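See below for the structure under consideration.
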Number of protein chains: 2
Amino acid sequence: MKRHQVTIIDIAQKLNISKSTVSRALTGHPSVRTDTRQAVMELAQQMDYQRNMLAINLSSSQSRTIGIIVPEFVTSFFPIVIMGAQEIAAQSGYSVLISQSNETYETEVANAKVMLANRVDGVLISMTRETKNFEHFDVFKRKGIPLVFFNRVCHDIETPKVVVDDYEGAFKATEHLILLGKKRIAHLAGPPSLYISRKRLEGYKDALRKHKRPILDDLIISYDLTLEKVKIYVKYLLDLPTPPDALFAVNDPTAIEAINVIKEQGLSIPEQMAVVGFSNDYGSALIEPGLTTMAQPTREIGQVAAQLLLDQIHTDSSVWKPITRVLKTELIIRGSSQRN
Amino acid sequence: MKRHQVTIIDIAQKLNISKSTVSRALTGHPSVRTDTRQAVMELAQQMDYQRNMLAINLSSSQSRTIGIIVPEFVTSFFPIVIMGAQEIAAQSGYSVLISQSNETYETEVANAKVMLANRVDGVLISMTRETKNFEHFDVFKRKGIPLVFFNRVCHDIETPKVVVDDYEGAFKATEHLILLGKKRIAHLAGPPSLYISRKRLEGYKDALRKHKRPILDDLIISYDLTLEKVKIYVKYLLDLPTPPDALFAVNDPTAIEAINVIKEQGLSIPEQMAVVGFSNDYGSALIEPGLTTMAQPTREIGQVAAQLLLDQIHTDSSVWKPITRVLKTELIIRGSSQRN
DNA sequence: CCATTTCGTGGGAGCGTTCCCATGAAATGA
DNA sequence: TCATTTCATGGGAACGCTCCCACGAAATGG
């Protein structure tokens with residue numbers, strides 16, 4: 001049942017003026033007589049007229065919407081990033097279209113199509129862990145739609161990126177464990193397909209090197225971030241002839257899961273096994289003992305990414321620069337790596 | 001720099017047919033010769049044509065978008081609801097426009113306007129804790145845009161609602177504490193302005209009544225859900241001449257905060273003070289001791305609400321029924337209310 | 001074999017704006 | 001006072017699509 005929508009034409013007719021004038025009055029165009037504008041505004045209010053963004057969007061060929069594609073919604077990380085981005089977008093009058101790729105390449109491609117169909121003015125994206133082919137991003141470049149990567153970025157595409165200093169963060173986290181007196185520090189790493197996994201691994205190794213510690217391949221495990229597997233790997237580590245006395249996990253959910261397994265096995269944290277995570281997720285302060293972690297400025301990632309995107313949207317594509325913004329991490333020390 | 005968009009006219013010209021035919025071919029209209037359709041499809045692919053939703057939306061006067069207004073994004077509850085809703089919406093080809101009211105009435109009103117301007121086909125909403133005036137919702141009814149409330153619902157408006165059985169949940173939670181042998185059970189309640197607060201309070205009281213326990217006003221505190229205040233109230237309770245030996249908190253963040261305060265004060269949980277929450281948030285399993293809580297089917301709330309909304313969108317407004325779907329809660333017993 | 005239905009297609013209005021150009025009135029300057 | 005600029009407004013194309021109506025050709029039926 002579509003009842004009639006109130007349009008500027010309705011207003012124009014009642015006021016016996018043209019729709020052009022109504023349009024100008026409503027959009028704040030200077031060359032409209034004050035009394036005319038007044039009358040239009042009042043009548044609009046009275047008829048509860050709402051400007052039709054659908055028409056405005058078509059007319060202006062832009063949606064005033066930015067798209068965000070994230071791999072998942074389960075951990076608190078992405079929702080917080082989205083919140084940050086949404087804030088910045090809203091300040092400039094932009095809406096946000098959200099879609100999750102479910103860590104699946106095909107869904108990511110489909111989502112990209114939806115973004116295109118909806119004529120978003122730009123896209124913020126953090127890739128699936130299985131995305132290795134980047135052709136579906138080319139079309140954005142061809143169509144002149146700016147793209148900003150965050151967190152899980154693609155280095156094969158020239159586009160702005162927002163990341164945290166994964167290398168430095170991992171370096172500091174590992175060094176923290178070394179300075180704590182830990183001798184055998186294990187690393188539960190992410191999949192090598194992710195740049196952040198590789199960088200964190202690198203930081204871990206370099207910290208060991210700096211302090212002249214051996215890098216033991218036994219103690220480095222790469223996994224695909226499906227949490228169910230953490231138990232297997234942690235048990236494996238604990239069952240080694242000479243087990244590690246510390247664990248640096250690639251992210252907080254992994255670390256939290258690891259803590260649960262370690263406690264289950266009856267080991268004391270941090271005495272027998274210290275644990276450090278990465279990102280300072282919501283649960284990290286709650287678990288017992290509290291999780292030492294490299295905090296990422298999660299909300300800020302969203303804000304910075306959105307700002308970068310808006311900047312691109314508002315400048316000519318010929319002057320786009322593929323800036324990479326590297327945000328700092330901060331070591332938060334809690335019980336999992338602290339002698340009481 | 002707006003380069004030319006590929007439109008159905010471009011395809012039509014290349015193929016020397018009319019745009020009507022191209023449109024029909026692309027939308028799967030039956031009366032198009034198979035070879036024509038084939039040719040159109042191929043050329044469209046080749047020119048990487050993307051249907052322009054902006055135009056389709058204007059033409060059809062509907063956006064194929066549903067709006068969701070939530071009060072906040074901080075706890076894990078709303079993101080999960082949104083995820084559930086998004087899944088259902090996506091299945092029917094609907095996009096989701098998200099906005100957060102920041103627990104502020106004015107923002108909620110502004111967000112409602114944005115939804116209207118974007119011509120969303122329906123809105124899912126959970127109100128601000130300070131929303132007492134519902135006029136900004138009337139316009140949706142006037143314009144025939146369906147509205148579905150969830151979680152924090154408005155009973156003054158005839159519209160579908162999705163809630164959990166707050167009364168029963170609170171009743172069971174309280175009864176659980178009674179059966180545990182607790183004698184003085186306090187309740188840290190939400191603001192009376194929220195229906196769910198009132199219902200939970202009612203369930204709490206009725207459980208006490210059923211078991212012939214006195215209802216002690218000293219032990220019932222209503223607060224505005226700003227977590228910083230939990231400390232004050234919990235301390236107040238603990239400092240009473242005869243302090244309570246159990247606490248039923250209106251939601252999990254409150255309960256978690258309470259546990260932290262109780263531990264800080266050196267009391268043992270659950271021996272000296274048992275705690276039960278409501279909703280089974282992400283952190284509840286992590287905190288030590290684990291938080292006993294009434295689990296809500298969070299994701300399902302989003303799914304059901306979205307489905308109800310889609311149902312309304314697809315039926316004539318004259319046959320809309322203000323169904324209230326009440327989902328069941330489930331008691332999850334953890335360390336905060338369990339001997340050992 | 002002619003009248004009627006079916007099929008595939010073309011033409012064009014309409015969705016509600018914005019924005020450019022035109023127009024006439026008022027204001028300005030010499 | 002007349003030419004020129006400024007101002008407030010109107011008219012209409014454009015945005016890209018859908019959908020209704022019309023039309024000729026082919027298929028059908030008696």
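Predicted model only: the values in this text are computed from it and were never measured.
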- Task: Sugar-phosphate means primed atoms, P, OP1 and OP2; the rest is base. With that split, encode nucleotides 6-15 of chain C 5' to 3' as B, S or - using protein heavy atoms under 4.0 Å.
- Result: --SBBBBBBB

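- Interface limits on DNA chain D: the 5'-most and 3'-most nucleotides within less than 4.0 Å of chain B heavy atoms are D:dG16 to D:dC20.
- Here B:Ser18 pairs with B:Thr21 under the side chain to side chain donor-acceptor pair (under 3.5 Å) rule; sequence neighbours left out.
- Here A:Thr128 pairs with A:Ser101, A:Glu108 under the side chain to side chain donor-acceptor pair (under 3.5 Å) rule; sequence neighbours left out.
- For residues 56-72 of chain A, there are no salt bridge (charged side-chain N to carboxylate O under 4.0 Å, His left out) pairs, not counting sequence neighbours.
- Sequence neighbours left out, the pairs with a member in residues 47-58 of chain A that pass side chain to side chain donor-acceptor pair (under 3.5 Å) are A:Asp48-B:Arg142.
- Evaluation of the salt bridge (Lys or Arg N to Asp or Glu O under 4.0 Å) rule for A:Asp35 yields A:Arg33 as partners, not counting sequence neighbours.
- Taking the six-membered ring for Trp and the full ring otherwise, the centers of A:Tyr195 and A:Phe149 sit at least 6.0 Å from each other.
- Under the rule for a ring pair (Phe, Tyr, Trp, His ring centres under 6.0 Å), the partners of B:His136 that lie at least two apart in sequence or sit in another chain are B:Tyr105.
- Computed from C1' positions of five pairs at each end, the angle between the two local axes of the helix from C:dC1-D:dG30 to C:dA30-D:dT1 equals 40°, rounded to 10 degrees.
- In this structure, the CD1 atom of A:Ile56 is 12 Å from the P atom of C:dG16, given to the nearest Å.
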Taking distance alone, no hydrogens or angles, what donor-acceptor pairs closer than 3.5 Å link side-chain atoms of residues 300-312 of chain B to residues at least two apart or in another chain?
residue, atom, partner, partner atom, Å
B:Gln303, NE2, B:Glu87, OE1, 3.0
B:Gln307, NE2, B:Asp311, OD1, 3.2

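- Summarising the geometry, the separation between CG on A:Leu54 and P on C:dT17 is reported as 10 Å, rounded to the nearest angstrom.
- Under the salt bridge (charged side-chain N to carboxylate O under 4.0 Å, His left out) criterion, the residue pairs touching residues 121-140 of chain B are B:Glu103-B:Arg129, with sequence neighbours excluded.
- A search for side-chain contact (heavy atoms from CB on, under 4.5 Å) contacts involving B:Val32 returns B:Arg24, B:Ala25, B:Thr36, B:Arg37, not counting sequence neighbours.
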